[in-house]
Amino acid sequence: MARHLITGALPYINGIKHLGNMVGSMLPADVYARYLRQRGHDVLYICATDEHGTPAELAAKEAGLSVAEFCAQAHDAQKAVYDGFELSFDYFGRSSSEQNREITQHFARQLHANGFIEERAIRQVYSPVDGRFLPDRYVEGTCPHCGYDKARGDQCENCTRVLDPTDLIEPRSAISGSTDLEVRETKHLFLLQSALQHEVEQWVARHEEEWPQLASSIARKWLTEGLHDRAITRDLDWGVPVPADTWPDLAAEGKVFYVWFDAPVEYIGATKEWADLDPAARDWKSWWYEAADVRYTQFMAKDNVPFHTVMFPATELGVREPWKMVDYVKAFNWLTYYGGKFSTSQKRGVFTDQALETLPADYWRYFLIANAPESDDSSFTWEHFTATVNKDLADTLGNFVNRVLSFSRKRFGDEVPAGKDAGEAETRLGAQIAELLAEYEGHMDALQFRKAAAALRALWSAGNSYLEEKAPWLEIKTDPEGAALTLRTAMNLIHLYSVVSEPFIPASARAMRSAFQLADDHAVWITPEHAKALDAVPAGTPFTVPPVLFAKITEEDLEAYRQRFGGVEAA
């Protein structure tokens with residue numbers, strides 16, 4: 001059985017992330033990791049804060065802190081939010097770690113030794129007002145491709161085109177706002193991607209049939225346009241230093257590696273951080289070096305795809321060592337906020353800390369995955385969110401759990417009633433549940449999250465349909481033993497739901513499962529074949545009625561959310 005390595009795109013350190021960041025990488029990665037663990041696989045889910053580059057320096061300057069202090073505080077703040085969302089990282093590291101520094105410098109030395117790094121004199125933007133060369137993200141201006149007036153010097157966040165600072169129209173310093181910029185000569189290291197293009201093309205060709213179209217089309221677009229040699233160093237005070245034993249002059253000038261050179265290496269670095277906490281029991285290299293038994297899945301939004309399908313693979317190929325390369329790239333489109341972009345810099349949309357202050361994590365987890373932007377961009381509106389929570393979570397699942405357990409306790413006491421043996425209706429139900437569960441597994445195995453959510457919803461709906469068919473509130477008047485069978489069967493559905501819903505709504509799954517005081521409940525997963533029996537919770541099992549799983553969102557709540565976060569009622 002393959003071991004599964006899972007990574008989510010590293011969130012930038014400059015502030016709490018919005019819901020679009022959550023659904024584009026970390027949350028679906030968590031859902032998949034939880035599912036695979038339940039199915040008995042050996043899983044390692046790794047993520048980290050991306051702490052280098054200009055976003056960190058600019059945010060630290062704004063906060064009045066040193067970059068190191070800012071990053072330490074911001075890492076802890078982000079980790080607290082991800083804990084609140086119950087993201088089940090095996091380790092959540094930091095790209096500023098010593099482990100990442102060591103491995104990044106090793107990669108650079110190997111690339112240099114193999115002839116894939118070259119020192120070149122280039123002309124770079126210099127700001128006399130700031131008294132320094134400006135790295136690409138320190139230069140802002142208008143994108144020459146789409147006209148977006150807040151494009152950065154490395155990439156336009158509007159059209160996703162990769163840029164050079166000198167490409168920008170009407171450039172200005174992101175530090176001082178000065179437009180008095182000059183172009184001066186300086187030296188930097190370049191990764192010779194052009195020399196690796198053919199190898200990257202061959203590697204992509206071996207994988208693109210399996211990848212989602214979004215990932216493969218972006219990779220192919222970059223390769224068709226041709227890979228260009230790219231500067232991988234910057235003039236910054238904060239980053240992985242260029243090693244003095246290989247490039248003494250550049251090291252003396254304080255050059256550091258470009259954030260997009262060291263950030264993907266942090267997947268490896270964070271794994272070593274994890275292993276170094278318990279080196280006797282954890283072997284980080286077995287996951288990354290000569291790791292033929294590992295299946296590696298990456299999760300990311302579409303703007304990160306080029307770096308993970310072209311740039312980092314070129315780096316790994318050029319190192320000429322057997323480092324593990326990604327097998328499957330799960331790429332997502334964007335989640336918008338009423339049709340406009342979520343934006344960290346412009347503070348538009350719902351941010352993850354605000355989400356947790358507003359409603360429990362499971363509300364957000366379910367909605368985001370059920371509406372994940374897999375095939376196209378999807379839009380968050382409070383109206384859609386409210387309708388989904390009320391219909392799927394409160395009515396379909398929560399109401400089923402509450403009315404089954406409350407009615408049974410009222411009529412039969414605090415133990416699961418026995419009643420008749422299962423009949424034709426229960427046999428049909430078992431077959432239906434097995435079929436739906438197999439469908440759910442298939443979509444999860446294929447990383448089709450919206451379809452998996454629909455199959456999970458269908459499982460919940462099957463319980464409601466069974467309850468309406470049997471109507472135990474009427475059945476008890478003429479056939480108490482039949483009503484007891486119906487309730488016992490429904491309680492077994494609740495237990496099944498608690499197991500198979502755990503990847504989506506872990507807190508609610510725990511609440512459902514803990515309702516039953518089973519003496520020997522070690523079920524990690526329920527196979528479709530076993531699900532047919534609906535007998536995991538036997539008669540006589542003590543149970544309690546948990547608090548309401550999901551409270552409905554009222555019209556007053558909805559209006560309050562609109563007032564707080566903005567947004568107009570859907571037409």
Side-chain angles (χ1 to χ4, degrees), residues 7-18 21-22 25-26 46-85 87 89-105 107-108 130 132 134-138 152-155 157 174-175 232-243 251 254-277 300 304 307 312 343-345 347 351-354 356:
T7 62
L10 308 187
Y12 273 132
I13 196 67
N14 61 330
I16 299 299
K17 304 299 110 178
H18 54 68
N21 296 126
M22 179 64 69
S25 60
M26 292 174 285
I46 294 292
C47 197
T49 40
D50 182 0
E51 301 188 7
H52 292 142
T54 54
E57 287 198 359
L58 291 172
K61 181 175 181 290
E62 184 177 343
L65 297 171
S66 71
V67 188
E69 288 175 317
F70 171 80
C71 287
Q73 292 181 17
H75 171 86
D76 291 345
Q78 286 200 27
K79 180 61 164 56
V81 171
Y82 305 145
D83 287 344
F85 270 87
L87 301 185
F89 303 122
D90 288 284
Y91 190 74
F92 186 70
R94 302 180 60 186
S95 69
S96 61
S97 68
E98 183 59 35
Q99 291 89 339
N100 191 44
R101 173 184 295 204
E102 292 173 359
I103 298 171
T104 298
Q105 291 180 339
F107 270 42
D130 299 309
R132 61 182 293 176
L134 298 181
D136 42 19
R137 278 183 174 243
Y138 275 28
R152 301 185 306 258
D154 65 336
Q155 186 178 28
E157 69 171 12
I175 303 172
I232 58 168
T233 51
R234 295 292 186 269
D235 294 282
L236 292 169
D237 297 325
W238 177 252
V240 174
V242 170
K255 306 284 188 184
V256 301
F257 285 108
Y258 174 41
V259 62
W260 266 112
F261 183 75
D262 83 86
V265 179
E266 169 58 8
Y267 297 130
I268 307 172
T271 308
K272 190 172 189 302
E273 293 171 52
W274 163 79
D276 286 349
L277 295 174
M300 70 202 66
N304 285 327
F307 301 100
F312 188 51
S343 173
T344 301
S345 59
K347 294 181 170 54
F351 288 73
T352 49
D353 57 343
Q354 298 170 328
L356 293 177

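Keep in mind that the numbers below use all heavy atoms, side chains included, and drop hydrogens, waters and symmetry copies. None of these values were measured; they are calculated from a predicted model.
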Drop me the distance from [X]'s [atom1] to [Y]'s [atom2], to the nearest 0.5 angstrom.
X: M26; Y: F89; atom1: CE; atom2: CZ; result: 6.0 Å
X: L277; Y: Y91; atom1: CG; atom2: OH; result: 5.0 Å
X: D276; Y: Q99; atom1: CG; atom2: CD; result: 5.0 Å
X: S25; Y: N304; atom1: OG; atom2: CG; result: 7.5 Å

Any side-chain to backbone donor/acceptor pair from [X] onto [Y]? Under 3.5 Å, distance only.
X: W238; Y: V256; result: no
X: R234; Y: V259; result: no
X: Q105; Y: P241; result: yes
X: E57; Y: D237; result: yes
X: N100; Y: E266; result: yes
X: N21; Y: H18; result: yes

query: Which is it for R152 and D154 under the salt bridge (charged side-chain N to carboxylate O under 4.0 Å, His left out) test, yes or no, and what are the steps along the way?
result: CA-CA 6 Å; R152 301 185 306 258; D154 65 336; 3.3 Å; yes
Side chain to side chain donor-acceptor pair (under 3.5 Å) partners for R101, two or more places apart: none
field: Listed partners of T233 passing side chain to side chain donor-acceptor pair (under 3.5 Å), at least two apart
entry: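 For T233 the side chain to side chain donor-acceptor pair (under 3.5 Å) partners, ignoring immediate neighbours, are H188.
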Please table the atom pairs, donor to acceptor, closer than 3.5 Å between any side-chain atom in residues 72-79 and protein atoms at least two apart or in another chain.
unit_1, atom_1, unit_2, atom_2, d
H75, ND1, T49, OG1, 2.9
Q78, OE1, Y82, OH, 2.8
Q78, NE2, Y12, O, 2.7
Q78, NE2, G15, O, 3.2
K79, NZ, D83, OD1, 2.8
K79, NZ, D83, OD2, 3.2

For [X] and [Y], which heavy atoms make the closest approach, and how far apart are they?
X: A251; Y: P243; result: CB-C, 4.3 Å
X: Y267; Y: A9; result: OH-CA, 3.5 Å
X: R94; Y: A68; result: NH2-O, 4.3 Å
X: L236; Y: P135; result: CD2-CG, 3.3 Å

- prompt: Is there a side chain to side chain contact (heavy atoms under 4.5 Å, CB included) between V81 and F351 once you walk through the steps?
  reply: CA-CA 10 Å; V81 171; F351 288 73; over 6 Å; no
message: Measuring only between side-chain heavy atoms, which start at C-beta, is V265 closer than 4.5 Å to F312?
response: yes
